[in-house]
Each structure stands twice: as C-alpha cells, then as structure tokens.
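Here the structure comes first, spelled out in structure tokens, and everything after it is commentary.
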Amino acid sequence: MSKTKGYLNMELLRFTTAGSVDDGKSTLIGRLLYDSKAIFDDQMNLLEEANRQRGEEGINLALLTDGLRSEREQGITIDVAYRYFATPKRKFIIADTPGHIQYTRNMVTGASTANLALLLVDARHGVIEQTKRHAFIASLLQIPHIAVCINKMDLADYDQEVFEKIKSDFESFASKLEIKDMHFIPISALNGDNVVTRSEHMNWYEGSTLMHLLENIHIGSDHNHVDCRFPVQYVIRPQSVKYPDYRGYSGRIEGGIFKSGDNVTVLPSGFTSRIKSIDTFNGEVHEAFSPMSVCITLEDDIDISRGDMLVREKNQPKVSQDIDLMICWMNEKKMIPKGKYTIRHTSQTARCIVKNIQYKIDINTLHRNQKDKQIGLNDIGRISIRTTKPLFFDSYRRNRNTGSIILVDEATNETVAAGMII
Amino acid sequence: MSSYNLTHLKVLESEAIFILREVAAQFERPVMLFSGGKDSIIMFHLARKAFHPGKIPFPLMHVDTGHNFPETIMFRDRLMKETGESIIVKYVQDSINNGTATEETGVNASRNGLQTITLLEGLEEGKYDCAMGGARRDEEKARAKERFFSHRDEFGQWDPKNQRPELWNLFNGRKGIGEHFRIFPISNWTEMDVWQYILNENIALPLLYFSHKREVVLRDGVLLAKCEHITLKEGEKWEEKIIRCRTIGDMTCTGVVESEANDLDAIIKEVASTRITERGGRADDKRSEAAMEDRKKEGYF
C-alpha cells in the first residue's frame, strides 16, 4: 500500500487531556507531537526565541498551546486548545484543557467530543483530589475510554509497587463512577518511557505504550449503531429545471443505520413513510450511519421541517416536555431558579423553565448537596426542566448526540450550561 | 476497520457539511469568504456537497486587495463559470479611493491589514450576519483557540478571553442586533488533510500550487515572487528559481518555497517531510508574536 493510500484509510481519534502543568502534561503532549513530527522547526525556533526573551532555560512546550497573548503574559492556560498530529495509523485531535483555571467548564467542553480521556497522575503524589475530579467529569461526560498515565515513574525508581498502588487506588474510586474502559500505563514523559517506545526500566509492565494504545484502541463501537435517529437539519428544495420536485431532508445520522427502503416514522407528527433514497454529492448510498451527513428523500410527501426527527416505528426516543438533566454551569451569572432559558437539542430550539434543582455535586467528594442549591460557574448539579414544546431524546448514556443539550441566556445569548439527559 | 467506521477524511467532511447546513439554518444572511486559496476552494466544494442537488443558499465574497497573483483571479472566475455559482468582489482599492483605508508606505508595504476594512465594509453593505472562512486551527496558535462559531461584536472584534463554550455539536448562533459571527467549518483540518482531500476528491487548484519557474527575491528569509507591487531594496535582486506556493495570499507577503513538486502525490510527500509550518513564509504573521491574534481582534477572519 502506498503512503498516500494508507493515509486515506486512517481513523480519527479525539482525546482530551487532563492534568496540570506540574503533572507533566505539556511535556507529554510535547513528546507525542514531537515524536510524531507535528512540531515544526519554525515553531521550535519561535519557542526558543520566546523563552530567551523571558530569560527561561530550555523549551517551555506550554507556549505551543498557550496561543493567546494574555495566556503567555500570565503563564496560564485559559482556554481549551486544539492540537493535531497523525501517525501512519490514525489522525488525532487533542483537546488540551487547562488543569487549574476553570477546569470544569473547560474539561467538560473538551470531553464532550472525545473518544478518550488521558488522565495524568504524578507517581510521587498518587491519586489526589484533582485526579478524582477529572475521573468524575470523564465519567459524567461518558467518554468511552480512559487512559490513566502514571507519570514521573523515573522519580519513583520505576517501582512496580508504586504503580500498582496508584492503580488500585484509582480503581477503587472509579468503582463509584461509570467508566466503561480503563487502561493504566506507567510512563516518564520526560524520558519517553512507555510513551512511544517501550521502557527499558519497567520490564514488569506488560501492557502497551501510550502511543500503541492511542493507535489501536477500538473506537468502532463509540457511535450508537442501534437506535435510528435522524434529526432534520435543513430542507433541500432546489426547484430547478433538473430537480423541479426534489424535496430532501438533510442532516447527520445521530444513531443507528438507515437504509433505502426502510420504513420510518416522523416525529412529532407520527406520520410514516419509506426512505426513497439516501443522497450525497457523490451519488446515492444504500445505507448511512453515524456520523455521516446525508440527504434523505421519502416516498410520501409529508410536511417535515428542521427540528423534526426520522426514527423507526419500533424504536422511538422519549418524547416529552419534562426532562431531568445533569448540568454543568459555564457562566459567571448563576443559574436562576425558575429561570427561563433557550434550550438547543439536536436541530431543535425551544425555551425552558428550570422547575427544580435536586442537588449540587461536590466534585471532590461526589457528595450530593441537597441544601446548597446555588448553581454557579463550574458547578455540576441535577435539575428538572420543562420545555415549551416536546423534545425527542434518549438518555445521554445511551446516545451522546440525542442526549445532550445546551442552555442559552436569553438576554446575553451566551451559552450558559451543558446538560446531559438522565 | 469495520464497515460501520468512517475514515478521518469522511468524518472531517461530514463535520464541515454539518456546520455549513447549520449556518444556512441558523442565520438570515450568511456569506462565504473566498480567497482563491486551497482552503477556500475546499470550502466551496464542501458547500456544493452540503446543499446538493440544490444550489449553495448563500453568496460568496472575495476581498480583492489588488495584489493577488493574476492566476488566482483567473482561477476564481473560471471556477464560478464552470459551477454556475456567483461571487461578489469587494476591492481594497475602492476603500482607499473612498478614504476609509490608507495605503501603507515603505518597502514592506502591504494591503493585508487593509483587507479587514474592506471586509467589514462589505459585510455591512450586504447586511451579512455571518461570514464563513476557511481558517484552520493548525495554522496558527491564536487560531487553535478559535471556535467553529466565533462571535464578533458590532465592530467585528473578537474577544478571545470571553468565547462561548462549544460543546458536542450544539452550535449557538444567537446574537444581538449588529453583532455577527465568523464561522470556520474546516477548523479541525490540517494541511495534510486538505491535500489528501484534494487528491481524494480530485479538486482542481490554481497552478501556483505546483512547481514552476518564477523570478523571486529573498527578503528576511522569505522568497517573494516578482510583481509590480514589490520594490527592490539596495542589494536585492530578482533570481529565477523553481518554486511553488504553499499558501496563496497577497504577492507582497506570501512567501513561496523552492520545490520540484509538480503533482499532488509529490506535494503530499513534501508536506509529510517538511519541517516548516505552512504559514512560516507569511510575512504578515511575522510582524509580532501575537500578530494573528491582534489582527483577529480587529476583525480579520
């Protein structure tokens, strides 16, 4: 297979990194980027130059991701940064989230699209509050895979016992969470042990290196291929000489597999029809699955518009105006009890009222606080809302695409909360 | 790879199409910016895909600095003719004539900064509430922090410290009166993805991207192509070299590279082995460490 052909067959893995600078996160990312040749000479020169001006020794890889002037000035990461690299097997998108400032808001953002979360633990400090916080958010956001990198093994004499202790501490905490797939890797980001190449210092470790895991972890099942969900995004009606009567429903498959000839039910009307064709620019396709963007035509002329959803008659989402959610608050303005917000869900937009706040979670202890119901920036809590019109949804656990919502402040238009339907 | 798995190029394509359709659905008067470079050619291609078999439901707009490579303009006009789509052209020269923009002086004079003025005038004139661009996050460090849906105030300014969080695929295009959005459907593509996609989809490009002979001058480590807008400094001279463009912008600030790559396969090999970033040759980015961020804050796309 030629190099070109090989590249065309690569998969995409999105992962998020959590940890602070002290955990060696930047060093680890820097190493992944550097070893996969994603850092270029001119970037390296700029870094060296920037460091010289600051009078610092060596290369500060954080400067690669901290792109904003204020971030450089303050030496902190404010926002999620996206980085890219590829190996011959996969293309990777890293959502690099800051460890300290606004960690919840940023990590939730990075986690929302990730297949995998990379959590860093300092071998000398073990599982600390921050580790638990990150693990909790990863499980809340239902990131399918978690890789726990126990870093700085070089400073712990590459000791197997240190690794096993941290692993079992993490596992016992994680048993309270919902994590589907967990991996533990002892590494030294600084020296490169078990990052890209196997460590010569830890023969007791028989698992894969981090890069091997990233390249080979099975992500084919991360999409829901069971429950057919097609939210209509935009109606295509060319009304041209060539296509006078064409009426296609464009959108992205958010679950299941649709085939031409399939019977479908349209929500909210409940009308049924049959799929006439699944069209793309490159021609008709026989079947379509998540996350393909397609255009579907039906046998019958039914009134369908943006916000409607095509599903299977025997496998329908919940249809309701009363919704229970876990939310993460992302705005400095606190949530207003009984407040009204705009809600965005799939291709739907509605308004909603916060009916009830059940509890707020202390993300360090996982304690459910039913007394303090003030939900402010970076808080996570469980609430009930009522929407102005029914939404068609699944639980977030079952389908991240049809189980997620955002709340928008009606005065400022800012996105104020991320919600996961229970 | 199982049969229900997409390649990364298909995933990126689907993501971009999803965003283009979201723009058409959420905004009243969107416009797509087109520069004639490969990224905007890909955007145009994706827009045709997104609304097929219908036409693209929004206009295209080119901000013409008057310093373009003539090949770019020829390519643009031919592409529109062949696809039956149309484009609005706004001239920086008009802004200069009207007195809203002032030409820079000096040897490194460039109209790059003036583009922003003409762009904002064009957006205002057409009452556009959203402008789509082909910027990518891998291009430049300030862009690595930019959202797909990037909110701008009534002056077109970007506030990088106060960006809306962007989660899942739920995009929030709500805005106040006079505010607008810049939208970047191919944010997640890398230079390599773009070239692979061009190869895969057999997309035509201006010949500037392929190796050819041209007179150039070496200035501050960057090779600039000969044109009427560049005046030689003392000690500089035009030399003929075999070159190609990695990016296409104004002739006054787009560095060309010495290259023998004259087809897509050769370009992809070159991209895979190169050790300099794509914008490494852009004099406009070199004005300061945060040059891109500063221009974006003012309204550059």
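Here is the naming used below: chain letters follow the sequence lines, and residue numbers restart at 1 for every chain.
Heavy-atom pairs under 4.5 Å with chain B peak, among A:S404, A:A114, A:P238, at A:S404. Across B:E22, B:K55, B:K10, B:K175, the residue that shares the most heavy-atom pairs under 4.5 angstrom with chain A is B:E22. Contacts with chain A were tallied for B:E15, B:H151, B:E13; B:E15 has the most, counting heavy-atom pairs under 4.5 Å. When B:P53, B:P165, B:G173, B:A24 are compared by the number of non-hydrogen pairs under 4.5 Å with chain A, B:P53 comes out ahead. When each of A:N401, A:T113, A:I236 is checked for heavy-atom pairs under 4.5 Å with chain B, A:I236 comes out on top.
Both the backbone and the side chain of A:I406 come within contact range of chain B, each with at least one heavy atom under 4.5 Å from a heavy atom of that chain. When heavy atoms are compared at a cutoff of 4.5 Å, A:R306 approaches chain B solely by way of its side chain, counted from C-beta outward. When heavy atoms are compared at a cutoff of 4.5 Å, A:S347 does not approach chain B at all. For A:E287, the part lying under 4.5 angstrom from a heavy atom of chain B is the side chain only. Neither the backbone nor the side chain of A:S240 comes within less than 4.5 Å of any heavy atom in chain B. The part of A:T280 that comes within reach of chain B is its backbone (N, CA, C, O), which places non-hydrogen atoms under 4.5 angstrom from that chain. For A:H223, no part lies under 4.5 angstrom from a heavy atom of chain B. For B:L12, the part lying near chain A is the side chain, with the backbone staying farther off; criterion is any non-hydrogen pair under 4.5 Å. Only the side chain of A:Y243 has a heavy atom closer than 4.5 Å to any heavy atom of chain B. In this structure, no portion of A:V416 lies under 4.5 Å from any heavy atom of chain B. Only the backbone of B:A50 comes within less than 4.5 Å of a heavy atom in chain A; its side chain stays farther off. Of the two parts of A:F281, the backbone and the side chain both hold a non-hydrogen atom closer than 4.5 Å to a non-hydrogen atom of chain B. A:I257 touches chain B through its side chain: at least one heavy atom from C-beta onward sits under 4.5 Å away, while N, CA, C and O do not. For a residue to count as touching a neighbouring chain, one of its non-hydrogen atoms must lie under 4.5 Å from one of that chain's; by this rule B:K49 touches chain A with backbone and side chain alike. With a 4.5 Å cut-off on non-hydrogen atoms, A:D279 does not touch chain B at all. Heavy-atom distances place no part of A:R90 under 4.5 Å from chain B, backbone and side chain included.
Residues passing the side-chain contact (heavy atoms from CB on, under 4.5 Å) test with A:T402, sequence neighbours excluded: A:R229, A:E254, A:M309, A:T346, A:D394, A:N399.
Ring orientation note: the planes of A:F85 and A:F92 are close to parallel, at an angle under 30° on the 30°/60° scale. Classified by interplanar angle (parallel below 30°, tilted 30° to 60°, perpendicular above 60°), the ring pair B:F27/B:F149 is tilted.
Side-chain N/O atoms of B:D193 and A:Y84 include no donor and acceptor closer than 3.5 Å. Between the side chains of A:T109 and B:E166, no donor-acceptor pair is found at a separation under 3.5 Å. Checked by atom type, the side-chain pair A:E284/A:S277 shows no donor-acceptor distance below 3.5 Å. In this structure, a donor-acceptor pair under 3.5 Å is absent between the side chains of B:D138 and B:T190.
Remark: B:E191 engages B:R246 in a salt bridge, criterion side-chain N to carboxylate O under 4.0 Å. A salt bridge is absent between A:E414 and B:R174: the closest approach of a Lys/Arg side-chain nitrogen to an acidic carboxylate oxygen does not fall below 4.0 angstrom.
The side-chain tip of B:R137 does not point at the ring of B:F184 from less than 6.0 angstrom away and within 45° of straight on.
No close placement of the B:F148 and B:W168 rings is indicated, their centers lying 6.0 Å or farther apart.
Looking only at distances, no side-chain donor or acceptor of B:R152 sits under 3.5 Å from a matching main-chain atom of B:R182.
If you run side-chain contact (heavy atoms from CB on, under 4.5 Å) between A:I137 and each of A:N106, A:I143, A:V108, only A:V108 comes through.
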